[in-house]
K.L.:
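I have a structure I would like to understand better, so I am pasting it below and will then ask my questions one at a time.
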Amino acid sequence: MLTTGPRGTRDILPEASGHWQYIEDSARKVCHTYGYSEIRTPIFEHTDLFLRGIGETTDIVEKEMYTFTDRGNRSVTLRPENTAAVVRSFLEHKLYAGPQPVKLFYLGPMFRYDRPQAGRYRQFHQFGIEAIGAVGPTIDAEVIALAVQFLRQLGLSDLTLYINSVGCPQCRPVYRTELQGFLTDKLSHLCGDCQSRFDRNPMRILDCKNSSCTVHTQGAPQIADCLCDECGSHFIRLKTLLTAAHIEFILNPRLVRGLDYYTKTAFEIQYAPLGAQSAVCGGGRYDGLIAECGGQATPGIGFAIGMERVLLALEKQGLLPKSTTDIDIFIAPLGEHAQATAFRLLCQLRQSGLAADMDFMNRSLKAQMKYANKIHATYVLVLGGNELEQQSAKLKQMETGEQIAIPLDDRCEEAFDNIAISHVFQNTLQEEA
Ligand code: HAM
């Protein structure tokens, strides 16, 4: 127990953290270009927020929440998703009083007590956005466009965008009744979960992956035929906007999504090679959620992307960048006296803004050079008795073998500053190339 993490959790080790930073930076960049600002909400919230927000009959609330009573006897829950928390924060801090729409993004861990498997974890990470305050379908198109651009810019292909409209409290009950009518004589063929969904949440039956449920729901009435005028025209306009922006989509009348707050637009982006956990992104409109949480009726739409799934997809396509923890200068001291000088120089190098390291293991020169190679040091500075005596050492460029003399007295600071400047210059040239 002490040497194994809890089931469904994973450590992000140094060699993988570069990949995480890469996709997090990409998320931040794309959000910047769309005008979304970062919001960070707590990891846990009052349990009631999720009961009300996500819906008491959803799988998340019924089976998957990490809920506990704290020492003050309050029920709190590790956030299973972040939309409800963002809405809570929007209301608490009166963000509705500022310019509209309020466009927010977040990155961080979520927690669901799910059956762990590849692509499904108990602690996982989402990149999500929420656009609150705009009622028309243009913002729906923007939200979808942002998700698609983020995934495409990472280089992913084989992505499929599915869209549907799940209607609103006005037209959904009509559809519900029609669907229940269709399912009544098929109930005994459905799985246990779907039988219990029949009364409470029949639309979720369409989304069930159980093969018997899929077979027996073939030919079910489609919500598109029951949408009220407003939902119908919203959906038509969204499709026109996506088409005009060359964002390909497939209509999926069975796309329902597992959270109760959705109204009108619902969408998912699938990356088929991931198999059972192919949904990399899920989102939709939630025009009733803010009122449900105690605010004035305010529309909203957003999505969340599963970061682990994106990483799996990038790995599958060989698109992960090489991790680089490269060191600019490695100092190799020989002997105790040289170590003290090395440490003084190390501090100066770092103050000049160079990534520098030295030997801390009393290794032989050969072993130190081997280590410098391993950490991809650009330069090595060897400090032995001779160098200390002459107050001058050779800075060796590992790739070319070229050597530069470095004074070890007060003038070393200037030498290091010059190296730092030329280093920054070289990096800029490389970035531009
Ligand atoms: P969701 O569909 O529950 O939606 O989750 C969004 C994405 O998070 C999924 O498509 C998947 O990539 C990832 N995900 C979900 N559960 C797990 C898990 N156990 N392990 C790994 N990845 C997982 C929401 O969370 C909504 N809050 C999205 C939203 C934002 N709707 C409107 N605004």
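Both counts, for ligands and for their atoms, begin at 1 and track the order of listing.
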K.L.:
Please report the closest heavy-atom contact between H19 and E15, naming both atoms and the distance.
P.N.:
CE1-O, 4.0 Å
K.L.:
Check this for me, if you would: do E292 and R52 make a salt bridge, where the nitrogen-to-carboxylate-oxygen distance has to be below 4.0 angstrom?
P.N.:
yes
K.L.:
Is any NZ, NE, NH1 or NH2 atom of the basic residue among K63 and D193 found under 4.0 Å from an Asp or Glu carboxylate oxygen of the other?
P.N.:
yes
K.L.:
Any donor-acceptor pair under 3.5 Å linking the side chain of R200 with the backbone of S196?
P.N.:
yes
K.L.:
Under a 4.0 Å heavy-atom cut-off, what residues line ligand 1?
P.N.:
E81, T83, Y106, R112, D114, G119, R120, Y121, F124, Q126, E130, R257, L259, Y261, Y262, A279, V280, C281, G282, G283, G284, Y286, G302, F303, A304, G306, R309
K.L.:
Can you name the residues that form a side-chain hydrogen bond (donor to acceptor under 3.5 Å, both in side chains) with D140, not counting sequence neighbours?
P.N.:
H234, T265, R285
K.L.:
Take atom CG of D70 as the centre, draw a 6.0 Å sphere, and report whether it contains more than 12 heavy atoms from other residues, nucleotides or ligands.
P.N.:
yes
